[in-house]
Amino acid sequence: MQALAIPARRPLSIAIAIAVAVLALATVLVLAYGPGPGPGGAKASSHSEAPLISQDPRADNTDLYAWVSPDDTSTVTIVADYIPLEAPASGPNFYSFDDTVLYEIRVDQNGDGVPDIGYQFRFHTSTVDPNTFLYGTGPITVGSSGYANWNRPQTYTVTLVHFDKHGHVMGNPDHPGKGPNDPVVLGTNIPTPPGNVGPRTTPNYGDLAAAAETSLPGGIKVFAGQRDDPFFVDLGSIFDLGGLGPFNPFHLLPLAATAGVDALANYNTHSIVMQVAISQITAFSKPTIGIYATASRQKETVLQDNGTKDTHGPWVQVSRLGNPLINEVLIPLGKKDYWNREDPWNDSQFEQYYTSPELAGIENLLYGAPPGGHPGGALAPIATTGRTDLKAILLTGVPGLNFTGPTDADLLRLNTSITPGPNGACPGGTPSTVAPLRMGVLDGDLCGYPNGRRLGDDVIDIDLRAVGQGYGSFLNGALGLPNLSPNNLVGDGVDANDVPFSSTFPYVADPHQGYQVP
Ligand SMILES: [Ca+2]
Ligand SMILES: [Ca+2]
Ligand SMILES: [Ca+2]
């Protein structure tokens, strides 16, 4: 595709990238319509998306976000979410990070798909009083000496690591050295907040959470703990043979049109939130970075007779996530767990699933009008092969927007030189005071997906329209991407999260309490 013509310094390729992203989302939706992964299968952006990881939720990446912080445009904020569908009322053992998992945010700074730096998070949980079943032995409060009455406090260590050209960590994170590429421990014993149990155990929850916001050397801010799941989607309808409430009458099996239902409303997740100076997270004079988050487990687990378990051996990546919905709806069932193990710099092996997405055919089948569709169908025919638009948006970046080179790699690409206004939007690439547009680049807001991803970006609708070649008038004009109608209106009817986000760090909303779940 041509490059995006962005006012001033921003090329047209942004629009293309957006379109590609939309297509990818559509693909995801189409796949979701088709034979699904079955019980425990795809749930959301990447919630329980593959057979093996669906049985290991505490190591399951659910979503990844990255944006230039509107309230401090010299920094990038990254949110890596893990653990899908946390029910708020989950006592007596409330959700936490897994002490035996290595959580990591990796950053490719030079466009070869191989990470150059990574931030490793290792957690440690203790039991204050083993002689009670209580999670909180009274109302949990927080003061200068930490949390009181919390019986299962969890803390963590953050370590900065560097990778060699083969993607191997240089030095030993367990024994940091002093060489320029040796691991650096940025902080230890950093507190996480308790889960949001209810008004008796966790009163003043906002104060409990705020106490876990931590500053590290170099001006880095971190927060790790339970949050509202910021992802929003009508999972119930989508996974019932690809239903989209507003488009129900046009489905192969028609139903009355309905509003969308956010199936993740009132569910929590666990977020790792980092805010890092752009000057620290970029290198090689390249403003665009490629980010992915992972979870790894040690190769050997030994179950002990005393009720404990020991883990040993090298780390094995069991989950990864760059762009949303990739393993969910682009990668076929038989390769999902393998995809989770693979490294992004080897993603050319999966290119066919981007350029010939199964989802496009499913959209044609379920919603397409004749010829090729069904009486009552509405969508214009969607190309099912040759989708270089999706390859650009998802594997290489969009020329002029966030292109990083010819190497295929599923990474969330963020051009840090595109600076948002105070509310987070940049229509046409220019900082603006308007609120972010949920359709991101598709509507000309170049600070949104697929240039990074903000919490409010509607990646389901973006991907549905991209896969459906309904890129909208902005990308059609800027990049010549197709703008089929009514494909450019497709969506699940859920346009926003169930609770507002914060305008300041850590941005993601407090978790839902478990006392009286709506
Ligand atoms: Ca690299
Ligand atoms: Ca939510
Ligand atoms: Ca939506």
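Worth saying up front: this structure is predicted, and the values here are computed from it rather than measured.
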### Task
Could you list the residues that satisfy ring-ring contact (aromatic ring centres under 6.0 Å, His included) with Phe121, not counting sequence neighbours?
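Result, ring-ring contact (aromatic ring centres under 6.0 Å, His included) vs Phe121: none returned.
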Roughly how far, to the nearest 0.5 Å, is [atom2] of [Y] from [atom1] of [X]?
X      : Y      : atom1 : atom2 : value
Leu446 : Cys426 : CG    : SG    : 5.5 Å
Thr269 : Asp229 : OG1   : CG    : 5.0 Å
Asn61  : Ile53  : CG    : CD1   : 7.5 Å
Ile278 : Thr75  : CD1   : OG1   : 6.5 Å
Ile291 : Leu321 : CD1   : CG    : 12.0 Å
Asn402 : Arg413 : CG    : CZ    : 7.0 Å

### Query
Hey, mind stepping through Thr157 and His124 against side chain to side chain contact (heavy atoms under 4.5 Å, CB included) and telling me if it holds?
CA-CA 8 Å; Thr157 296; His124 176 73; over 6 Å; no
Taking the side chain as everything from C-beta on, heavy atoms only, tell me whether [X] gets closer than 4.5 Å to [Y].
X      : Y      : value
Asp228 : Asn497 : yes
Asn451 : Leu414 : yes
Val508 : Leu455 : yes
Thr127 : Pro130 : yes
Arg152 : Ser96  : no
Thr311 : Lys299 : no
Arg106 : Asp108 : no
Pro427 : Val434 : yes

Mark yes or no for whether [X], through its side chain, and [Y], through its backbone, hold a donor-acceptor pair below 3.5 Å.
X      : Y      : result
Gln298 : Glu300 : no
Gln120 : Tyr103 : no
Asp310 : Val302 : no
Gln275 : Phe505 : no
Thr202 : Gly198 : yes
Tyr147 : Leu208 : yes
Asp60  : Ile83  : no
Thr132 : Leu134 : yes
Asn323 : Leu411 : yes
Ser54  : Pro51  : yes

### Query
More than 12 non-hydrogen atoms from neighbouring residues, nucleotides or ligands closer than 6.0 Å to OH on Tyr267, yes or no?
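Count not over threshold, so no.
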### Query
Does atom CG of Asn306 have more than 12 heavy-atom neighbours, drawn from other residues, nucleotides or ligands, at distances under 6.0 Å?
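Enclosed.
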### Centroid separation His251 to Tyr367 less than 6.0 Å
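Yes, they do, as the ring centres are separated by less than 6.0 Å.
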### Query
Hey, do the aromatic rings of Phe94 and Tyr135 have their centres closer than 6.0 Å?
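Aromatic pair counts; centres sit under 6.0 Å.
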### Message
For Arg122, is there an ion pair with Asp99 - N to carboxylate O distance below 4.0 angstrom?
### Response
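No, Asp99 and Arg122 are not salt-bridged.
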### Task
Output yes when Asp72 and Lys221 qualify as a salt bridge under the 4.0 Å nitrogen-oxygen rule, no when they do not.
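Not counted as a salt bridge, because no side-chain N and carboxylate O are separated by less than 4.0 Å.
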How about [X] and [Y]: does a side-chain donor come under 3.5 Å of a side-chain acceptor?
X      : Y      : answer
Asn327 : Glu49  : yes
Gln317 : Thr294 : no
Asp81  : Ser271 : yes
Asp71  : Thr504 : no

#### Entry: Worked verdict on Asp445 versus Arg454 for salt bridge (Lys or Arg N to Asp or Glu O under 4.0 Å)
CA-CA 11 Å; Asp445 183 354; Arg454 299 167 302 199; 2.9 Å; yes
### Task
Under the side chain to side chain contact (heavy atoms under 4.5 Å, CB included) rule, what do Val276 and Tyr119 come out as? Steps first, then yes or no, please.
CA-CA 11 Å; Val276 188; Tyr119 299 92; 3.7 Å; yes
### Reference residue Tyr338; test side-chain hydrogen bond (donor to acceptor under 3.5 Å, both in side chains); the match among Lys336, Glu342, Lys335
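The passing option is Glu342.
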### Message
Set out, in order, the CA-CA distance, both residues' side-chain angles and the distance that settles salt bridge (Lys or Arg N to Asp or Glu O under 4.0 Å) for Arg320 and Asp343, then state yes or no.
### Response
CA-CA 9 Å; Arg320 65 161 163 146; Asp343 298 309; over 6 Å; no
Closest contact, heavy atoms only, [X] versus [Y]:
X      : Y      : value
Ala59  : Ala295 : O-CB, 3.2 Å
Gly491 : Leu244 : O-CB, 3.6 Å
Pro57  : Pro84  : O-CD, 3.8 Å
Ala257 : Pro246 : CB-O, 4.1 Å
Ala263 : Gly236 : CB-N, 4.1 Å
Val318 : Asn340 : O-CB, 3.4 Å

### Task
Classify the angle between the aromatic ring planes of Phe97 and His270 as parallel (below 30°), tilted (30 to 60°) or perpendicular (above 60°).
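Taking His270 first and then Phe97, their aromatic rings stand perpendicular (interplane angle over 60°).
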### Task
Show the numbers, then the answer: is there a side chain to side chain contact (heavy atoms under 4.5 Å, CB included) between Leu394 and Leu330?
CA-CA 11 Å; Leu394 299 168; Leu330 289 185; 3.9 Å; yes
### Query
Can you list the residues that meet the salt bridge (charged side-chain N to carboxylate O under 4.0 Å, His left out) rule with Arg438, with sequence neighbours excluded?
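With sequence neighbours excluded, Arg438 shows a salt bridge (charged side-chain N to carboxylate O under 4.0 Å, His left out) to Asp458, Asp461, Asp495, given in chain and number order.
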#### Entry: Intermediate values then yes/no, side chain to side chain contact (heavy atoms under 4.5 Å, CB included), Asp492 and Val233
CA-CA 7 Å; Asp492 66 350; Val233 57; 3.7 Å; yes
### Task
Could you check Asp63, Ile272, Thr62 and say which one makes a side-chain contact (heavy atoms from CB on, under 4.5 Å) with Tyr82?
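In the set Asp63, Ile272, Thr62, the residue that makes a side-chain contact (heavy atoms from CB on, under 4.5 Å) with Tyr82 is Ile272.
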### Residue among Tyr65, Trp67, Phe223 satisfying ring pair (Phe, Tyr, Trp, His ring centres under 6.0 Å) with Tyr507
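That would be Trp67.
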